[in-house]
Amino acid sequence: MSQIELTLPDGSIRTVARGTTGLEIAKSIAEGLARKALAVKLGDKILDLSYPLTTSGTFKIITPSNEDPDALYVLRHSCSHVLAEAICDLYPGTQLAYGPPVEKGFYYDLMTPVPLTQDDFEKIETRMKEIIKEDRPFTRINVSAEEGLARTAKDKYKKDNAERALAREGNDGTLSFYANGEPGKNWEDLCAGPHVPSTGKLKAFKVLSLAGAYWHGDQNSDQLTRVYGTCFADKDGLETYLKFLEEAEKRDHRKIGRDMDLYHIEDHSPGMVFWHPKGTVMVNALKDYVRSKIDRRGYKEVITPEIVDKSLWIKSGHADKYNENMFKTMAGDREMAVKPMNCPCHIQIFNQGLKSWRDLPLRLAEFGKCHRYEPAGTMHGLMRVRGFVQDDAHIFCTEDQIASEVADFCHLVKEMYNDFGFTEILVKFSTRPAKRVGDDASWDKAEAALESATKLAGLAYQLNPGEGAFYGPKLEFVLKDSLGRDWQCGTIQVDFNLPARLGAEYVGKDNQKHIPVMLHRAALGSIERFLGILIEEYVGDFPLWLSPVQVRVLALSEKYVDYAKTVQKKLINVGIRTELDETNEKVGYKIRQGEQNKIPYLLIVGEKEASEGKVSVRKRKEGDQGQKTVAEFIASIQNACRIG
RNA sequence: GCCAAAGUAGCUCAGCCGGUAGAGCAGCUGAUUUGUAAUCAGCCGGUCGUAGGUUCGAUUCCUAUCUUUGGCUCCA
């Protein structure tokens with residue numbers, strides 16, 4: 001056991017004495033490598049270069065690279081320490097909480113004696129640069145539990161962190177600190193590490209933004225200041241990222257939505273969408289698309305009331321578990337609520353007339369408009385609103401039918417998302433929340449049913465404990481916006497509770513009454529959110545079938561406006577959404593407008609076209625496609641105009 | 001709901017220490033009658049988010065409030 005075996009990335013095995021450090025190994029390979037090295041990775045653990053290695057395993061020396069997540073991880077973690085030192089220097093009395101690397105950078109949560117503002121960033125960055133220039137070593141200090149607790153005694157958050165670290169499984173009764181330089185002299189922080197060898201390794205960083213964050217994510221706990229920053233292996237990496245942020249701003253659905261005149265939201269009804277004519281075309285196109293998918297899968301579309309008496313919400317459990325999220329209204333002296341979900345109404349339809357086992361599975365679909373009183377501060381363009389339309393449906397079925405229904409739905413979601421070019425779909429499995437209806441036995445059953453259905457559908461998922469709906473566990477299909485933020489779109493939820501609460505029954509083969517299971521499901525989720533995602537995904541360059549305007553006819557001069565009008569008429573007659581540009585502008589200007597308005601086809605008509613009954617076709621982003629007769633043009637695009 | 005910031009013309013933004021606002025683009029009008037990403041000229045356009053307060057006087061200072069943005073919490 002005095003030797004360990006390290007398997008290098010090229011597959012070769014290196015045998016070294018136990019206790020050899022990563023730095024020594026790097027040196028033995030090449031001096032240059034040792035100079036560049038940031039840390040090492042043994043197995044799946046990243047370790048300091050100076051850490052004595054004691055076990056065999058796969059091994060790599062981590063060097064600066066914008067492509068290596070491990071390199072970025074250490075750089076960013078170290079950078080967060082430099083940020084924290086700079087802030088502690090500039091604002092004495094700052095208390096540290098927690099400063100981890102995250103997907104695109106790092107943050108540090110702290111309690112400052114004065115509120116920070118963006119104007120402080122320059123000062124902070126300047127101080128950080130000084131610390132980096134001094135090239136001080138990150139020095140690890142291992143101490144006993146008692147000593148560690150003593151060191152953090154004065155600091156509320158760090159003391160809490162230390163206690164948690166000691167309580168964590170696998171803790172050996174010691175704590176580690178890292179000093180940005182010399183222990184006892186320079187700034188230090190309770191930290192498990194690892195870090196880069198010295199501050200000088202941090203070549204490219206930027207302080208990005210400020211935010212509030214709760215201590216331990218607990219709403220009732222202290223509100224800390226979170227400072228976000230990012231760090232890359234080099235200036236190029238940083239600049240590429242900053243450029244990406246700029247580009248993402250251009251893709252923002254709120255900007256494109258306004259530029260393309262799709263919708264607006266105003267102060268009179270925060271979080272609710274005014275769909276303009278062009279946006280409405282898209283909403284309707286999406287609904288028709290969904291109809292084309294679900295009709296042939298046996299769904300029956302229904303329409304139910306948006307305002308429902310309180311008594312139904314009491315029965316369903318919403319009045320108890322969902323109350324603060326509902327819009328209430330009075331009708332005379334009757335208390336009513338605007339529906340936040342369609343499920344109770346669908347059960348009311350199910351309850352009309354006696355149902356037999358032969359009726360199951362019964363799939364009731366609705367483009368139901370729901371309203372939820374979301375907390376102020378959570379709204380975000382189309383992505384998070386207070387009034388939205390779901391492509392909702394509820395499947396009433398027997399327990400035996402759950403697995404196949406869920407699996408069918410998963411396939412449907414896959415198919416639909418693929419149609420929009422989303423191939424890698426993140427699936428989250430959310431289990432029972434603290435605030436729920438129903439007994440544990442039915443939750444056990446529901447969760448098990450969903451679990452087995454995911455196997456049947458061959459879905460890999462991420463577990464999301466405690467995040468289910470109050471009536472049942474759910475699968476969530478998550479898409480990302482232009483900044484990579486997660487948004488739950490599709491969902492399916494198994495519910496053993498609501499049908500019973502609202503008295504749903506069917507007569508089984510045994511001539512006895514049974515309570516059906518209900519599956520809540522939405523494929524796109526909310527039309528608003530899904531469209532928001534699509535706008536950012538396509539950057540407004542929608543496929544022809546979804547484009548609010550499909551064709552614009554440009555008359556070369558006033559003389560040809562009449563001919564342009566006849567062309568427009570012919571296209572409109574076959575259902576192609578066609579505009580006319582009859583302004584007195586040069587064709588170059590009109591084309592520029594057309595391209596900027598993201599219109600799929602521009603038809604230019606002048607002397608030649610008018611005399612021959614033709615159009616000059618120009619395709620978005622591709623340019624001149626030559627001349628065609630109107631009939632040829634219609635034939636060439638009609639197929640692509642159809643849904644999907 | 002919490003923390004921070006912001007709100008000036010349809011859009012993007014200027015406006016230093018308080019003296020009732022400006023540009024570009026868009027829009028409108030006129031001239032031009034145009035061949036594949038910006039023709040020229042003129043004009044219109046704003047209770048400076050809202051309500052109070054301080055002041056001779058507030059877009060500017062103070063307070064409250066609404067909304068938005070970035071996060072946190074929460075959620076489709």
Side-chain angles (χ1 to χ4, degrees), chain A residues 107 109 111-112 115-120 208-228 249 252 254-255 258-259 261 264-271 322 324-325 340-341 370 372-386 388-392 430 433 467 469 474 476-479 483 485-491 493 520 522 524-530 532-533 554-561 583-596 602-609 616-619 621 623-626:
Chain A
Y107 65 79
D109 282 350
M111 182 68 95
T112 52
L116 296 182
T117 72
Q118 303 227 340
D119 300 336
D120 297 315
L208 290 173
S209 62
L210 282 171
Y214 298 109
W215 176 231
H216 292 316
D218 178 359
Q219 224 172 323
N220 301 311
S221 190
D222 296 1
Q223 174 93 39
L224 306 165
T225 301
R226 175 170 298 181
V227 184
Y228 278 94
E249 218 167 294
D252 192 315
R254 291 165 300 187
K255 177 176 160 50
R258 186 177 53 230
D259 290 348
D261 195 17
H264 84 271
I265 296 174
E266 62 178 52
D267 292 5
H268 293 291
S269 46
Y322 209 74
E324 65 273 26
N325 283 298
M341 301 177 192
C370 296
R372 298 181 186 173
Y373 187 73
E374 299 293 345
T378 61
M379 264 95 71
H380 180 87
L382 293 175
M383 304 297 198
R384 182 88 182 264
V385 291
R386 284 181 174 158
F388 56 99
V389 175
Q390 288 174 305
D391 66 322
D392 201 10
S430 296
E467 299 294 321
K474 60 181 177 179
E476 299 170 22
F477 299 87
V478 174
L479 296 173
L483 279 169
R485 291 176 291 209
D486 281 359
W487 294 99
Q488 179 191 320
C489 291
T491 177
Q493 309 165 0
H520 306 242
L524 305 184
S526 110
I527 300 275
E528 283 77 3
R529 177 176 291 178
F530 198 79
I533 296 275
L554 315 185
L556 211 48
S557 82
E558 265 171 11
K559 288 184 231 159
Y560 313 109
V561 167
T583 56
N584 283 339
E585 294 289 350
K586 288 168 106 165
V587 71
Y589 181 83
K590 295 186 186 192
I591 283 166
R592 184 180 153 81
Q593 295 297 310
E595 290 281 352
Q596 284 184 337
L602 301 177
L603 301 182
I604 293 122
V605 298
E607 180 61 40
K608 278 180 278 179
E609 292 81 3
S616 281
V617 180
R618 189 188 161 98
K619 198 170 176 185
K621 292 179 139 178
D624 199 349
Q625 308 282 301

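Scope of the values below: all heavy atoms of this structure, side chains included, with no hydrogens, waters or symmetry mates. Each chain gets a letter, A, B and so on, in the order the sequences are listed, and its residues count up from 1.
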| query | A/Leu556 and side-chain contact (heavy atoms from CB on, under 4.5 Å): which partner among A/Ile604, A/Val605, A/Val561? | reply | A/Ile604
| query | When you match A/Trp487 and A/Gly271 each to their closest nucleotide on RNA chain B, which lands nearer the 5' end? | reply | A/Gly271
| query | With respect to the phosphate group of B/G71, does any side-chain polar atom (N or O) of A/Arg485 fall under 4.0 Å of OP1 or OP2? | reply | yes
| Hey, does the side chain of A/Lys559 come within less than 4.0 Å of B/U34's phosphate (OP1/OP2), counting only N and O? | yes
| query | Using atom C1' of each nucleotide, how far apart are B/C62 and B/A58 to the nearest Å? | reply | 11 Å
| A/Ser526 vs A/Glu607, nearer the 5' end of RNA chain B by closest nucleotide | A/Glu607
| request: Identify the nucleotide, in any strand shown, that forms a Watson-Crick or G-U wobble pair with B/C44, with both distances under 3.5 Å; if there is none, say none. | output: none
| field | Sugar-phosphate, base or nothing in reach of A/Phe530, heavy atoms under 4.0 Å | value | nothing
| query | Closer than 4.0 Å, any side-chain N/O of A/Gln488 to the OP1 or OP2 of B/A76? | reply | yes
| What is the distance, rounded to the nearest whole Å, between atom CG of A/Asn220 and atom C1' of B/C74? | 13 Å
| query | Has the side chain of A/Gln118 got a donor or acceptor atom that lies under 3.5 Å from a matching backbone atom of A/Ser209? | reply | no
| query | Would one find a side-chain N or O of A/Lys586 under 4.0 angstrom from OP1 or OP2 of B/U36? | reply | no
| message | Classify A/Gly381 by what it touches in the nucleic acid, base, sugar-phosphate, or nothing, heavy-atom distance under 4.0 Å. | response | sugar-phosphate
| task | Considering only atom P, compute the distance from B/A37 to B/G7 and round it to an integer number of Å. | result | 39 Å
| request: Have a look at A/Glu476 and say if it touches a base, only the backbone sugar-phosphate, or nothing, with a 4.0 Å heavy-atom cut-off. | output: nothing
| request: Run the numbers on A/Glu249 and A/Lys255 for side-chain contact (heavy atoms from CB on, under 4.5 Å), then give the verdict. | output: CA-CA 8 Å; A/Glu249 218 167 294; A/Lys255 177 176 160 50; over 6 Å; no
| request: Determine: side-chain N/O of A/His380 to OP1/OP2 of B/G71, distance under 4.0 Å, yes or no. | output: no
| query | B/C2 and B/C44: how far apart are their C1' atoms, nearest whole angstrom? | reply | 45 Å
| message | Using a 4.0 Å heavy-atom cut-off, does A/Cys489 contact any base of the nucleic acid, only the sugar-phosphate backbone, or nothing at all? | response | sugar-phosphate
| message | Partner lookup for B/G57, please. Criteria are Watson-Crick or G-U wobble with both distances under 3.5 angstrom; report none if nothing qualifies. | response | none
| said: Of the options B/G35, B/G1, B/A4, whose atoms approach the side-chain atoms of A/Pro375 most closely? | reply: B/G1
| query | Pick one: which of A/Glu467, A/Gln488, A/His520 meets side-chain contact (heavy atoms from CB on, under 4.5 Å) with A/Lys474? | reply | A/Gln488
| message | Less than 4.0 angstrom between a side-chain N/O of A/Tyr373 and OP1 or OP2 of B/C74, yes or no? | response | no
| Whole-Å C1' distance, B/G19 and B/G1 | 42 Å
| Just wondering, do A/Phe388 and B/A76 stack (centres under 5.5 Å, planes under 30°)? | yes
| field | Between C1' of B/C2 and CE of A/Met379, the distance in whole Å | value | 15 Å
| Mind checking who B/U69 pairs with, Watson-Crick or G-U wobble, both distances under 3.5 Å? | B/A4
| query | Does a nitrogen or oxygen in the side chain of A/Arg258 sit under 4.0 Å from OP1 or OP2 of B/U12? | reply | yes
| query | Separation of A/Leu603 atom CG from B/U36 atom P, in whole Å? | reply | 16 Å
| Does A/Arg254 have a side-chain nitrogen or oxygen under 4.0 Å from the phosphate oxygens OP1 or OP2 of B/U69? | yes
| field | Other residues, nucleotides, ligands: >12 heavy atoms within 6.0 Å of A/Gln625 CD | value | yes
